[in-house]
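Both counts, for ligands and for their atoms, begin at 1 and track the order of listing.
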Amino acid sequence: MVQVSPSILSADFGSLKEEILKLEKGGADYIHLDVMDGIYVPNITFGSPVIKKLRNITDVPFDVHLMIDKPERYIKDFADAGADIITIHEEATIHLHRTIEEIKSYGLKAGVALNPATSLDSIEYVLDYIDMILIMTVNPGFGGQKFISSMKRKIKRMRDIIDNRGLDILIETDGGIKLDNAKEIIDYGVDIIVVGSGIFEAEDVSERTKIFKAL
Ligand code: DX5
Ligand code: ZN
């Protein structure tokens with residue numbers, strides 16, 4: 001069964017506590033937290049102090065997606081704030097393997113995100129060290145964008161690599177996943193779907209979370 005990681009990027013930032021409790025009620029497997037710095041991506045959201053406060057609200061694991069330049073500068077801060085998974089962009093860190101090792105040194109799961117134009121080959125030599133690959137299915141920076149259809153091939157290819165080599169890596173997809181395309185994407189072999197606007201556009205956020213989980 002697919003796991004659902006709702007992104008609070010499309011939530012009401014003035015009522016984050018209530019919004020997160022709705023996701024918890026809907027059975028969210030993770031809470032996806034999109035950290036943006038205005039440099040690596042053209043948008044700014046929130047950082048580790050906010051995540052630390054949100055940690056008091058729920059026990060649902062935090063899936064922290066760092067869209068920041070040189071994330072190696074802040075791994076400890078996000079670990080201390082209560083992240084369970086920390087995902088960094090392959091394109092944003094100078095020494096990818098070193099940063100993965102640092103995330104794991106705090107006992108956390110390490111994810112690597114790839115932008116739509118980045119080849120799977122770029123992470124060939126770190127596959128033995130990561131817990132998750134986050135395949136960006138939109139360009140990072142904003143919620144509510146359209147799924148990039150060539151990412152279907154990328155997901156399938158990653159699924160084949162993992163299965164053929166017997167690797168223990170979860171595939172997460174992020175961006176443009178809605179009720180009308182989620183099932184098809186899941187069937188390519190995705191373990192975790194991130195859904196932002198597809199959940200928060202609903203009148204009943206808990207109910208919509210349940211619907212995605214049941215796909
Ligand atoms: C985009 C973020 C996503 C975003 C997804 O940079 O990484 O997590 O919130 O939003 P939707 O589901 O609206 O495309
Ligand atoms: Zn994200």
Side-chain angles (χ1 to χ4, degrees), residues 2-13 16 19-20 22-23 26 28-48 50-51 54 60-69 71 74 78 81 83-93 103 109-118 130-152 154-155 170-186 190-202 205 208-209 211-213 215:
V2 75
Q3 294 194 301
V4 179
S5 188
S7 164
I8 61 164
L9 189 60
S10 296
D12 175 356
F13 275 26
L16 278 181
E19 299 279 65
I20 286 175
K22 288 181 206 166
L23 299 172
D29 296 286
Y30 303 90
I31 305 293
H32 185 86
L33 298 157
D34 287 306
V35 178
M36 304 187 187
D37 66 353
I39 295 173
Y40 180 64
V41 288
N43 195 6
I44 300 176
T45 54
F46 48 81
S48 56
V50 172
I51 294 178
L54 298 178
V60 178
F62 279 1
D63 170 24
V64 176
H65 179 192
L66 297 183
M67 285 161 276
I68 62 177
D69 187 43
Y74 297 106
F78 287 99
D84 295 277
I85 305 174
I86 295 182
T87 297
I88 50 169
H89 272 259
E90 182 274 334
E91 307 88 350
T93 185
I103 294 169
K109 291 203 157 127
V112 175
L114 298 182
N115 284 332
T118 304
I130 63 176
D131 301 289
M132 188 173 87
I133 169 166
L134 194 176
I135 297 181
M136 288 305 301
T137 43
V138 297
N139 289 297
F142 303 96
Q145 302 180 82
K146 195 175 173 311
F147 183 93
I148 297 171
S149 73
S150 55
M151 294 304 100
K152 294 175 184 175
K154 196 175 191 178
I155 298 165
L170 296 167
I171 299 180
E172 180 173 64
T173 54
D174 186 3
I177 297 171
K178 302 279 193 169
L179 275 181
D180 61 2
N181 62 2
K183 181 71 184 137
E184 180 192 358
I185 295 159
I186 292 164
V190 172
D191 301 291
I192 307 171
I193 49 169
V194 176
V195 188
S197 52
I199 284 180
F200 284 99
E201 71 193 4
V205 164
R208 180 64 64 90
T209 306
I211 293 172
F212 274 104
K213 270 188 66 79
L215 289 173

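Under a 4.0 Å criterion applied to the non-hydrogen atoms of G144, ligand 1 contributes the atoms 11 (P), 13 (O), 14 (O). Numbered from 1 in the order shown, with element, the atoms of ligand 1 that lie under 4.0 Å from a heavy atom of V194 read 8 (O). Residue F142 approaches ligand 1 through these ligand atoms, each under 4.0 Å from one of its heavy atoms: 1 (C), 6 (O). Each of the following atoms of ligand 1 lies closer than 4.0 Å to a heavy atom of M67: 6 (O), 7 (O). For ligand 1, the atoms closer than 4.0 angstrom to any heavy atom of P140 are 6 (O). Near G175, the atoms of ligand 1 lying under 4.0 angstrom from a non-hydrogen atom of the residue are 14 (O).
Each of L16, L33, L9 was evaluated against F46; a single residue qualifies, L33, per the side-chain contact (heavy atoms from CB on, under 4.5 Å) test.
Atom OH of Y74 sits in a sparse spot, with 12 or fewer heavy atoms from other residues, nucleotides or ligands closer than 6.0 Å.
Checking D34 against H32 by side-chain atom types alone, a donor-acceptor pair falls below 3.5 Å.
Regarding atom 5 (C) of ligand 1, its nearest protein heavy-atom neighbour is D174 OD1, 3.5 Å. When only non-hydrogen protein atoms are considered, atom 6 (O) of ligand 1 lies nearest to G141 N, 2.8 Å. Of the protein's heavy atoms, G143 CA, 3.6 Å lies nearest to atom 10 (O) of ligand 1. Considering only non-hydrogen protein atoms, atom 12 (O) of ligand 1 sits nearest to G196 N, 2.8 Å.
Ring geometry, H89 versus H65: the interplanar angle falls under 30°, so the pair is classed parallel (tilted spans 30 to 60°).
The name of the N, O or S atom in H65 nearest to the Zn ion (ligand 2) is ND1.
Rounded to 10°, the angle formed at the Zn ion (ligand 2) by D174 OD2 and D34 OD1 is 170°.
Both the backbone and the side chain of S197 come within 4.0 Å of ligand 1, counting heavy atoms alone.
The nearest non-hydrogen atom to atom 14 (O) of ligand 1, considering only S5, G176, S7, comes from G176.
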**Item:** Worked check of side chain to side chain donor-acceptor pair (under 3.5 Å) between T137 and K154
**Value:** CA-CA 9 Å; T137 43; K154 196 175 191 178; over 6 Å; no
**Asked** Given I133 and V112, is the side-chain contact (heavy atoms from CB on, under 4.5 Å) satisfied, shown in steps?
**Response** CA-CA 5 Å; I133 169 166; V112 175; 5.7 Å; no
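Heavy atoms of K178 come nearer than 4.0 angstrom to ligand 1 in no pair at all.
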